[in-house]
Amino acid sequence: MNKGTVAWESPSNIALIKYWGKKGRQIPRNPSVSMTLKNAVSKTWLSYSERNKEWLTFEFEGKNVPAFAKRIEKFLEGISEDLPFINDYTFHIKSENTFPHSTGIASSASAMSALAMCLCSMEEQVTGKKLEANEFMRKASYIARLGSGSASRSIYNSYATWGESVAFSKASNDYATPFSKYIHPIFKDYQDFILIVSGEKKKVSSTAGHALMNDHPFAQARYEQANANFERMLGILRSGDLESFIEVLENEALSLHGLMMNSNPSFTLLRPNTLQAIELIRDFRESTKIPLGFTLDAGPNIHLMFPKNEKEQVTNFVEAELKSLLEGGRYLKDETGSGPKLLTIANGK
Ligand code: DP6
């Protein structure tokens, strides 16, 4: 088959235990676990034909974005040993996100996982060899990891781990491992409201961020903490202990930012409104006993996490007390999602 199109949509994810620090070929320094989102997804269309001199075009939401195109080019060149057919084809790739720009949502996780799914489907098309479903997902997760570490986890629905750990023998550094079958019912439809404190572009790219861990004075302590938190979190996801969930969730978020603040160079990505919102969230939890916790990515925006049955109360709280701290009063409602979906697959001649 020398011509065809394939399209996938794939979600972002929010890390409960953070991947921060890597070595070698995208190998994480510590294990991580994330919840796959439902609404924040990338859609990617990949058309392929015989290789020409101009072998790659990339459009993001109808525009040429040279920085993204460069990253895709580097990625495709970097995986041509893993997927040798790449060298024989010209690629026209288009991608779009369902979530708005400038929200600080990890778009590399959704975009790279969608592209990895497209490439694995394309491999089946051009070689005529179909993989068994589990093998296909594992391969897609492996390829996604090479594009962006966190993307490896977006291949799976519900919850996924990535990175070796004595606490979970199935976990690997090479690809993510699904954790959905071990999950307590309370976590099956867990909510994540993303509070947009600032939509500014990230001050530190994730690649530069991970590099800060290389000479970090607390690196060893962090990896030990992450391993211990990972083990605790897997137990919590099984047991449904929400008090411990919040304790570990917030400890991970603030440890990530603590590490960035005392790195050299130092980054303070939390904004005054982030800190004010955190205080209000903790006061609300204290006074209402509603199990509302938060986490953060490498940016100022807050992910509010809570069980579905608290949705109305939490919405009222956000509207009344947090909205004025948010840029344009913006927040996105998301929740546990079901993973990538195939949109199109077609052979040409
Ligand atoms: C703070 O996966 O974006 O979101 O592998 O360099 O693409 P690269 O990094 P990336 O890092 C994510 C960092 C994090 C934590 C996490 O998602 O685990």
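As the structure lists them, so they are numbered: ligands from 1, and atoms in each ligand from 1. Please read these numbers as outputs of a predicted model, since none were measured by experiment.
- Each of the atoms 2 (O), 3 (O), 10 (P), 17 (O) of ligand 1 lies under 4.0 Å from some heavy atom of S150.
- In summary, the atoms of ligand 1 found under 4.0 Å from a heavy atom of Q26, numbered by their order in the structure, are 5 (O).
- Contact check for F136 versus K139: no side-chain heavy atoms found under the 4.5 Å cut-off.
- Paired with E247 under the rule salt bridge (charged side-chain N to carboxylate O under 4.0 Å, His left out), one option of R285, R232, R282 passes, and it is R232.
- S113 has its side chain out of reach of P340: every pair of non-hydrogen atoms, C-beta onward, lies at least 4.5 Å apart.
- Residue A15 has at least one heavy-atom neighbour below 4.0 Å for each of these atoms of ligand 1: 16 (C), 17 (O), 18 (O).
- The ligand atoms of ligand 1 that sit less than 4.0 angstrom from a heavy atom of S108 are 3 (O).
- K18 contributes no side-chain N or O that, together with a main-chain N or O of A226, makes up a donor-acceptor pair within less than 3.5 Å.
- Taking every heavy atom of S206 and a limit of under 4.0 angstrom, the matching atoms of ligand 1 come to 3 (O), 6 (O), 7 (O), 8 (P), 9 (O), 10 (P), 11 (O).
- In summary, the atoms of ligand 1 found under 4.0 Å from a heavy atom of R71, numbered by their order in the structure, are 7 (O).
- The shortest N or O to N or O distance between G147 and ligand 1 is not below 3.5 Å.
- A salt bridge does not link K188 with E335: none of the charged nitrogens is closer than 4.0 Å to a carboxylate oxygen.
- Within the 6.0 Å centre-distance limit, the rings of F306 and F193 are counted as a close aromatic pair.
- Below 4.0 Å from some heavy atom of D297 lie the following atoms of ligand 1, by number and element: 4 (O).
- A salt bridge is defined here as a Lys NZ or Arg NE, NH1 or NH2 lying under 4.0 Å from an Asp or Glu carboxylate O, and E96 with K43 fails to meet this definition.
- The shortest side-chain heavy-atom distance between I79 and L119 falls under the 4.5 Å cut-off.
- By the 3.5 Å distance cut-off applied to N or O atoms, K18 is not counted among the residues near ligand 1.
- Listed by number with element, the atoms of ligand 1 under 4.0 angstrom from any heavy atom of K22 are 5 (O), 6 (O), 8 (P).
- Considering backbone and side-chain N/O of S32, none are found under 3.5 Å from N/O of ligand 1.
- Checked against the 6.0 Å centroid criterion, the rings of Y190 and F245 qualify as a close aromatic pair.
- When non-hydrogen atoms are compared, ligand 1 lies under 4.0 Å from neither the backbone nor the side chain of E252.
- Considering backbone and side-chain N/O atoms, R153 comes within less than 3.5 Å of an N/O atom of ligand 1.
- The backbone and the side chain of S148 each have at least one atom closer than 4.0 Å to an atom of ligand 1 (non-hydrogen atoms only).
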